[in-house]
Amino acid sequence: MPLRWLFPTVLTAALAWPAALASASNASTSNATATATAAATATPANDDCDGCMQALLQRLGWRIDSQAERGQAMIQAGQPCQRDDLAQAQAAGDLRLSLPRGLTPAQRTRALQAALEDPATRCAYMFALAAATARATAALDANPGYRFTALQLGWIGFGWGGARAQGWQGFRSLGRGYQPAAGNARALDAFYHGRVRSECGVGRQIAQLATQRELYGDAAFDDEFSAGELSIGTFLTLHDTDSILLGAHAGEFFGDGKAVKSSRMGRHAFAGVPGFLVHAFDRITLDDVNNQAQNFVIVDVSPAAYASLHQHGGFAYFDQQNARIWTLARQLRDTGIRDFMPLLQSPAADARAGLESDQQQILARMDALLADPFYRGFRIYVHHRGVQPIAYHVVRMLDRNPRTPYTVSLARHNLHTTLYRRWRDRQLHDCRSGHALAGEPSHADAGR
C-alpha cells in the first residue's frame, strides 16, 4: 500500500527540483556550507523518526558528524550530481552533515529534514538507481528465453503454457494488457528466467519495472506495489490502468524530450530514464516497420559522453549529426554499399578492403562523426539487443530503414519525482517498523 502519507513533514520539498539540481551542479566547488536552520519550519518528530531519517541519509552516502559539542547544524551538500560515483563524491567532501550534540531535538529534526530534502540527496539516490538499472538490464539480457515478437497469439507471448503459468493474468484482449497474478517478483521472474516474447516497447516497460524490483528488493517490491500498478502491455493500455509508469498512480511526470534540462543535471540524472530512437521522416519511408522505433532505458552515460551532451545542450545537436551520418550513408549507397554494420560498428580491417578511395573518404567522415563520445558512451538497453552504445542503433538503422534518419528523445518519466518519494517513504516506514532498510535484492542468493 502506498505510504506517502506517513511522513508529512518529510514531503514538503519544493518540486522544482530540476532547477535546484542544476543550480547545485553549477555551485562553487569551494564546498560552501548552508545552515540547516534556514530550512522551512517543520513539526518536530520523535527519536524513531529522527533515527530513521539519519539511517536513510547514511545509507545514501551522507557522512554525519555528531562529535562537536556546540555550534549550528551545517549541511555541506557539495556537487554529488557532477561526480562519477558515490566514492568520488565523498572523497570530494560532498554529502556532509554536522549535528552538534548541543542541538535541541527540534533543531536536530529540522537539520535531518533539510538534508533529506536537499537536491544532493536526490543525486545520491541516482547512484543507487543507476546500480539498480544495471542489475535489472543485465538480468534481462542474460535470459535467452526472453525474445522478440514472432508468430504469437497476442501482443505479449507467454508460450503454450499461457500467462498464468508464468505469474501473469490478462485484462485486455489480444494480449494487450497483463498484470501480476501471484506476486510481483514472481511475475518479473518470467522475464528474468522464463520464455516470453514481446516487442521493445514492452521490453522497456519490463526494464523500468525490473529496476524498481532491484531498488526495493523482492519482499518490499511485492508489498509496496499493487498488481494493477505493475500493468504491462501497449502504451495506450497503460494509460487506463493504475500503472506507476503511465497510469493513474504515475503521479508527477518530468518531461525533457531533448534532454535540455537533464544535460545540466549531471550524468546520473540519465540513469534508468526511458526514451526512444525514432524515424525522423514520414512512416511511408519505413522499409522495416518492426524497427520504426527503438524503445530504450538508459543504463550508463560515461563522463565524456555527458560532457558532450552538456556542451551541446542535449539531443538536438545529435539529431543533426544523425542526419549528417544518414546523408553520407546515402552517398555510399549510391556507390553500391548496402551493409553498414560491418563497416562502422567495430569494423574489421578486411571489411573495408577493396573499397574505392572516394568510398574510404566518406567512411572516414562518418567515423569522425561517430567518434563523438556521446555515440560510444551513451549506453542503452533495448530488448532484445541488450546493452549497447547508441551508435550501434544509429548504424543498425542505416541498414534496416535506409530512407530515413533517426532522432533521439527521452520519454516522460517519474523516476526522480513520484517514484523517488515513494521509495524514500518506504525506507522510512520499514525503519520505523523495525525492518532493515529495503533495497538490497533479496533474490541475490537465488542463483542469478
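Note that this is a predicted model, so its numbers are computed, not measured. Reckoned from all heavy atoms, side chains included, excluding hydrogens, waters and symmetry mates. Numbering of residues begins at 1 and proceeds along the displayed sequence.
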Aromatic plane relationship, Y317 with H312 - under 30° parallel, 30 to 60° tilted, over 60° perpendicular: parallel

Pairwise distance CZ(F315) to CZ(F374) - rounded to 0.5 angstrom: 5.0 Å

Q311 side, atom CD; Y306 side, atom OH - distance, nearest 0.5 Å: 12.0 Å

From R400 atom CZ to M341 atom CE, the distance as rounded to the nearest 0.5 Å: 10.5 Å

Six-ring centre of Y192, R213 cation under 6.0 angstrom, axis tolerance 45°: yes

Trace of the salt bridge (Lys or Arg N to Asp or Glu O under 4.0 Å) decision for R267 with D84: CA-CA 8 Å; R267 71 187 188 94; D84 287 346; 3.4 Å; yes

Short side-chain donor-acceptor distance under 3.5 Å, D223 and Y216: no

Lys/Arg N to Asp/Glu carboxylate O, R421 vs D425, below 4.0 Å: no

Gap separating the CZ atom of R333 from the CD1 atom of I362, nearest 0.5 angstrom: 13.0 Å

Centroid-centroid distance, F158 to Y178, less than 6.0 Å: yes

Centroid-centroid under 6.0 Å between H268 and F127 rings: yes

CG-CG distance between L286 and N291, expressed to the nearest 0.5 angstrom: 9.5 Å

